[in-house]
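The block underneath contains the structure these notes are about, expressed in structure tokens.
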Amino acid sequence: MYEAGRGPAPEVPRGPAALWARTAAAVWSAGRAELFAQVRRLPGEPYAAGPLAALALAAGVPLGSAARAAAAEWATGHGDALDGVPLRALAGVLLRPGGEPRGAAEAAASERLLASLDTGARDGLAAELEPELRAALADPEAEPAAPALLLVSATALGADTAGLLPQAARKLAWGLFTDPEGACGEEVRAALAELPALRALVLDRLDSLAAGDPPAGERLFARTALRLGAAEALPHLRMCALGRPAGDRVVALDALLREAGVSPYAEPLALRTGMRLVWDEGVPSPVEARLLLATTGAPVHRRAGTWELLARTAAEAPAADPEAPELAAEVLRHFGEELPAELRERLLERAETPSAGARQELPAWLSQEADHAGPSSEDPARTGRPTEDTSRTGRPTRDAARAAVRLPEASGVAPGTEPPPQAPHDRPRRGRLARLRGRLTGPGGRGEPPAAAD
């Protein structure tokens with residue numbers, strides 16, 4: 001012990017004596033000097049921290065994880081030296097989360113101590129823990145990790161905690177999602193490893209949260225040591241764990257969907273998660289948007305809600321982009337009914353606007369007379385069903401998709417040269433825009449093609 005102002009400080013103790021010195025200092029600071037007299041009657045080596053730490057914890061003196069581990073280790077082999085009251089009090093303290101995170105040594109020593117208790121003591125401790133666990137789950141101010149640690153202790157005592165697992169999993173998952181670094185400590189990782197049922201419920205909840213906020217899911221894996229097993233089928237979390245691959249963004253989306261392990265036709269929300277990871281706060285370029293429509297089909301984008309991103313691309317694209325008018329026409333054709341009125345007017349104007357290199361014609365069924373037959377109902381670009389030229393995943397191959405979309409470098413016009421003149425009948429005729437508006441806003445105006453004339 002050292003009192004400031006009475007000479008130089010002594011050297012800091014090292015080795016086992018250092019732990020005893022810290023424990024003795026905590027006992028003295030807590031005003032429990034009588035414990036020094038009691039510890040002399042207990043077996044143990046001189047200046048061993050275990051006996052003094054056991055008495056201190058049973059008396060309510062807070063100690064660090066190393067001292068708690070020493071107390072549990074000593075009490076496991078000398079339980080008969082303590083009467084029933086101090087031993088049960090010590091076990092009760094070790095079962096509950098302490099001020100300092102529980103280390104691996106403390107967790108292992110506590111498990112051995114609990115295993116050495118008789119059935120009556122274990123049942124009594126389990127009965128004490130249940131109301132505390134319920135209170136921790138109901139308290140919005142409680143640390144998210146607290147219920148998980150109490151669950152570990154209650155499970156070690158043989159208590160039935162199955163009914164409390166879902167609520168504990170939701171609380172822990174929300175803590176991990178909103179504060180990854182603060183919630184994913186050593187104790188939480190140990191709890192997830194010791195309780196497979198809790199881990200499964202937590203990951204399932206995290207998968208749902210990641211579907212709503214993919215960038216936050218990506219941060220979860222970037223800032224913690226949480227990792228997924230090969231057999232854990234969690235499509236949104238798997239994409240977040242992989243993160244956005246470098247390089248071409250359409251190729252990156254394809255890689256994410258493959259990592260998800262599900263087809264966007266079966267789980268359209270996987271497409272939304274992948275697109276939000278790739279483009280985050282931005283939008284695809286017009287040529288990327290047209291490739292996405294060609295490779296996945298409009299129905300999948302409608303079900304996933306990603307058509308809004310494609311519509312934003314068409315509306316916000318630079319006026320000189322040669323793909324913008326064609327993209328606007330495709331968005332009107334596939335999603336005309338879903339578009340807000342103001343955005344629809346914007347895309348109608350853009351669809352009739354000539355591009356930088358040549359006048360862009362609307363699709364034939366939109367720009368010609370009403371008695372003209374529209375695209376076939378079997379058109380894969382409208383139905384989203386794969387054609388003969390498809391990959392094994394059921395999606396059109398990238399070569400087929402790129403062949404269906406006029407990329408800038410494949411326009412057939414050499415850089416720096418004038419495009420060939422267009423035939424007069426290829427230019428939009430006056431009055432077509434009015435007829436287009438009427439077809440999109442009239443009865444059944446979903447942007448669907450008119451029926452073929454008999």
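Worth knowing before you read on, the calculation uses all heavy atoms, side chains too, and leaves out hydrogens, waters and symmetry mates.
When every heavy atom of Trp74 is checked against every heavy atom of Pro51, the shortest pair comes out as NE1-CG, 3.5 Å. The nearest pair of heavy atoms linking Val250 to Asp248 is N-OD1, 2.9 Å. Of all non-hydrogen atoms in Glu143 and Lys171, the two that sit nearest each other are O-CE, 4.2 Å. When all heavy atoms of Arg122 and Gly158 are compared, the closest pair comes out as NH2-N, 4.4 Å. Pairing each heavy atom of Arg189 with each of Ala225, the nearest pair is CD-CB, 4.3 Å. Of all the heavy atoms in Pro264 and Val300, the pair that sits closest is O-CG1, 3.7 Å.
A distance of 6.5 Å separates CG in Leu150 from CD in Glu132, rounded to the nearest 0.5 Å. The distance from the CG atom of Leu149 to the CD atom of Glu187 is 4.5 Å, given to the nearest 0.5 Å. Atom CG of residue Leu347 and atom CD of residue Glu345 lie 10.0 Å apart, to the nearest 0.5 angstrom. Residue Leu226 holds its CG atom at 11.5 Å from SG of Cys240, rounded to the nearest 0.5 Å. Rounding to the nearest 0.5 Å places CG of Leu164 at 11.5 Å from CG of Leu198. With values rounded to the nearest 0.5 angstrom, Leu253 atom CG is found 10.0 Å from Glu288 atom CD.
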Walk me through it: do Thr306 and Leu310 pass the test side-chain contact (heavy atoms from CB on, under 4.5 Å)? CA-CA 7 Å; Thr306 50; Leu310 305 180; 5.6 Å; no

Is there a side-chain contact (heavy atoms from CB on, under 4.5 Å) between Leu237 and Leu203? Walk through the geometry before answering. CA-CA 8 Å; Leu237 274 187; Leu203 291 180; 4.2 Å; yes

Check the pair Leu157 / Leu95 against side-chain contact (heavy atoms from CB on, under 4.5 Å), numbers first and verdict last. CA-CA 10 Å; Leu157 291 170; Leu95 285 172; 3.6 Å; yes

Glu128/Arg88 under salt bridge (Lys or Arg N to Asp or Glu O under 4.0 Å): CA gap, chis, key distance, verdict: CA-CA 11 Å; Glu128 292 176 5; Arg88 179 167 168 173; 2.8 Å; yes

With side-chain contact (heavy atoms from CB on, under 4.5 Å) as the criterion, how do Glu111 and Glu194 come out once you've worked through the C-alpha distance, each side chain's angles and the decisive distance to 0.1 Å? CA-CA 12 Å; Glu111 287 183 13; Glu194 293 178 33; 3.6 Å; yes

Verdict with supporting geometry, Glu34 and Arg32, salt bridge (Lys or Arg N to Asp or Glu O under 4.0 Å): CA-CA 5 Å; Glu34 73 277 7; Arg32 301 302 302 268; 2.5 Å; yes

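Side-chain contact between Trp174 and Arg205 is absent, with no heavy-atom pair separated by less than 4.5 Å. Within the 4.5 Å cutoff, side-chain heavy atoms of Leu343 are placed close to those of Pro340. Proximity of Gln167 to Arg134: side-chain heavy atoms (C-beta onward) are nowhere separated by under 4.5 Å. Residues Tyr47 and Leu52 fail the side-chain proximity criterion, which asks for heavy atoms closer than 4.5 Å. Contact annotation: the side chain of Phe335 approaches that of His301 to within less than 4.5 Å [non-hydrogen atoms, C-beta and beyond]. Annotation: side chain of Leu55 is not in contact with side chain of Val61 (no heavy-atom distance under 4.5 Å). At least one side-chain heavy atom of Leu117 sits less than 4.5 Å from a side-chain heavy atom of Leu125. With contacts defined as side-chain heavy-atom distances shorter than 4.5 Å, the pair Pro284/Leu292 qualifies.
Ion pairing between a basic and an acidic side chain is recognised when a charged N comes within 4.0 Å of a carboxylate O; Glu232 and Arg199 show such pairing. With respect to Arg272 and Glu308, no salt bridge is recorded, no charged nitrogen being found less than 4.0 Å from a carboxylate O. Salt bridge annotation for Glu73-Arg112: present, with a cationic side-chain nitrogen under 4.0 angstrom from a carboxylate oxygen. Between Asp280 and Arg276 there is no salt bridge, since none of the side-chain N atoms of the basic residue sits less than 4.0 Å from a carboxylate O of the acidic one.
Between the side chain of Asp160 and the main chain of Ala162, a donor-acceptor pair closer than 3.5 Å is present. Of the possible donor and acceptor atoms, none in the side chain of Ser110 sits under 3.5 Å from a partner among the backbone N and O of Ala107. Between the side chain of Arg344 and the backbone N or O of Leu339 there is at least one donor-acceptor pair closer than 3.5 Å. At least one donor-acceptor pair closer than 3.5 Å links the side chain of Arg303 to the backbone N or O of Tyr265.
Aromatic ring orientation, Phe36 versus Trp28: tilted (interplanar angle from 30° to 60°).
With respect to Leu172, the side chain to side chain contact (heavy atoms under 4.5 Å, CB included) criterion is satisfied by exactly one of Val202, Leu151, Leu206: Val202.
Counting non-hydrogen atoms of neighbouring residues, nucleotides and ligands closer than 6.0 angstrom, the CD atom of Glu259 exceeds 12 such neighbours.
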